[in-house]
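For reference, the structure is listed below as C-alpha cells.
Quantities reported herein were computed from a predicted structural model and do not represent experimental measurements.
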Amino acid sequence: MSLRDLAEEKLPEFSLGWDLLKWCSKYLAQPDGDHKGDAWRFSKEQARFVIHFYAVDKDGKFPYRRALLGRVKGWGKSPLLAALCCAELLGPVKFSHWEKDGKKYRNYVPGAKPKGRAQPSPWVQITATSEAQTGNTMDLVIEMLLNGEASKVYNIDVGRTRILTPGGKLEPVTAGSTSREGNRPTFVVLDETHLWLKSNHGDKLAAVVRRNLGKFGGRSVETTNAPAPGEESVAELSIQAAEKGRPGLLLDYRAADMAAPAKIDEYADPEEQDAQRTLRRQALRYAYGDSCLENGGWVDLDRISEEMDDPATTEADARRFYFNQIVQGTFQWLDPGQWAAIVKYVPFEEIKSTDRIALGFDGSIRDDTTALIGCRLSDGHIFTIDIWIKPDGAKDWEVPFVLVDERVRHILKNYNVVWMYADPAYWQDIVGRWALDFEDTVFEYWTNRKNVMSRALERFETGVQQKLISWDGNPILNEHALNAQIEETPYGKLLKKESRGSSRKIDGIMAAVLALEARADAIEDGRDSDGPDNTVWSF
C-alpha cells in the first residue's frame, strides 16, 4: 500500500492516521500467514479506515467517538483491530500539537499538520460475547508485539490474558456487563457485534462499555458481518443510528450490489450462466476489496465461488457470508428449493395404523400455533396430523386444551406410536400425564436446551439437503418451514421467528423437528423392528 496513492483520494483534511500508519509498520509485525514476522502493512482499505477514524478538526478534537466496520469474513477485520489495539496501547493516538516546517504550534496555523502522542494511561479492552472471539484478536496482538520492533523498544509485559506497560494495560473482556461498570478504558474493541443480542446480554455490555468510555473521552470500534434484520443486535442498531445521522459515529460498511446473483441458475443455458458468473465475480471483488487475490490480497475468489455453488449453501447464506448483504430472509433456515424437492404427497390419512411412527408436539397458549406432527420410521416421511391456529380476528382466544389432549391420546391409542417428543413449555401438566399414561413412549423434550436443539436442527437440515426425508406438502407446514429463521449461537444454529411478536409462525416445523428426532432415537433404541424371536423350542 502506497501512502502516496492513498493521499490522492478524498480523505479528511487533518488526521493523526498518517503517522499512525507509519508507527504500526515500524513497530509491529505481520502476525500470521506466509509473511509472518515481516513488518506490518495495512491494505489500502484498512489504511483508509484508520485515516478517517483518527481524523481531527482544527481544535485537535476527534469528530468520531465510535466507529462500525462492516466487512465479509476473511477481509482482515481482526488483524486491523489488533494493530489498532497495539497503537492505542503504545502509539501516537492522542492529539499533541500542530507542526509546520519543523516548528510546533499549540493552535492551528495554515499548512500545519496534526501530531500525536501516546496515551498517558492507556487502558485497552477487547470485548466480545465469548472467549473464542476475544482470543482470536488477542493472539494477533501478542504476535504483532513480540515479533515486532515494539518488543525491543517498549517496556512490555506480555501475558496470555493481559499485556502491561508502565501505566497502561490491554485485556480481553468477556465477563458480564455488570462487572464492567465503573471501568475507565481509553479504547475498546467490540468484536462481531452482529452476535451481540439481548438474549446473551450483548446489548447491556455494549451500553456499559460506551458509558465507561464517555467518562474520559475514550473511543471504540466495533466490527460486524451482515446482521439479521429485526434481530436488534448491537450491529443492527449501530447501523441504524449511523444512517439516521447520529453525530460522532463513523460507518464503514461494504456490501455487494443486490442485483448480483448469489447462486448460478442450474436450469439456465450456458451463455446465461457465464453472464451470471461474471456479475457474481464483480460483486465478490467489490465485497472483498483489497483482500482478494485479484486486488493484491489473500482471498481466493475461485474458492469462494465454489462455496457459494455448494448445494449445502443456501442463497441466504451466500448473500450474507460472501456478499455481506443485509436483507430480509438472510437467516432463512431451509433453502426453499431443497425443501420443495422432497415433497411426497402422502398425508396422514394414508398412513396405516400399523406403520411404526414417531410424534413431535409443540404447544402454545394463545398467539402461537400448536402442532402435532408425525414421522414414519421406515422412510422418514413427515406428515401433518393437526395444527391448531388462532382464527383471524379472534380476541381472547386460547388453544383448545381439551380437544388437543383428546386428539393426542386418540393417536397414541389407535396408531403404532413407538416414540413421542413433546415440548412441555406451557403444557407441563398435560404432557406429564401423557408421559405417565403412555410410559416409555412419551418423553419431554425441552426445546430451550440450546446444545441439544442445535443437534436436532442439524439432523433435520441434513435430511433435507441429502433428501433422506420427505414431507406431505401441507401448506401450513410449508409456511412455517419457510418462516423459520436461524440464530447463530456458540452452540450452533437455533430457530427463531423473524422478529419478536411476528405473525409468521414456526411451530409446525418445530414439531416436525421433534418428530424426526423422536424417529432417530426410536431407531437407535431398536423400535423400528419387532426384535429377535426369543421363543425356545425343545424336542
Results of ring pair (Phe, Tyr, Trp, His ring centres under 6.0 Å) for Y288 - residues two or more places apart only: none
Set of residues satisfying side-chain contact (heavy atoms from CB on, under 4.5 Å) with respect to D59, sequence neighbours excluded: D57, K61
Under 6.0 Å between the ring centres of W123 and F187? no
Within 45 degrees of the axis of the six-membered ring of Y286 and under 6.0 Å from its centre: does R254 put its NZ or CZ there? yes
Mind checking what makes ring pair (Phe, Tyr, Trp, His ring centres under 6.0 Å) contact with F460, not counting sequence neighbours? W333
Listed once per pair and sorted, the salt bridge (Lys or Arg N to Asp or Glu O under 4.0 Å) pairs that draw on residues 453-464, sequence neighbours left out: R459-E517, E461-K493
Contacts of K115 that satisfy side-chain contact (heavy atoms from CB on, under 4.5 Å) - sequence neighbours left out: D19, H97, E99
For residues 125-167, which residue pairs pass the ring pair (Phe, Tyr, Trp, His ring centres under 6.0 Å) check, not counting sequence neighbours? Y27-Y154
Test: R66 cationic atom under 6.0 Å from F53 six-membered ring centre, within 45° of axis: no
Identify each donor-acceptor pair in which a side-chain atom of residues 82-95 lies under 3.5 Å from a protein atom, sequence neighbours left out, and give them as a table.
residue: E88; atom: OE2; partner: Y54; partner atom: OH; Å: 2.6

Kindly write out the residues that satisfy side-chain contact (heavy atoms from CB on, under 4.5 Å) with D257, not counting sequence neighbours, or none if the list is empty. A259
Under the side-chain contact (heavy atoms from CB on, under 4.5 Å) test, residues paired with S25 that sit two or more places apart: R41
Taken in chain and number order and not counting sequence neighbours, the residues that satisfy salt bridge (charged side-chain N to carboxylate O under 4.0 Å, His left out) with E398 are R366
Could you pull out all residues at least two apart from W40 that satisfy ring pair (Phe, Tyr, Trp, His ring centres under 6.0 Å)? F42
For E307, what residues pass the side chain to side chain donor-acceptor pair (under 3.5 Å) criterion, not counting sequence neighbours? R303
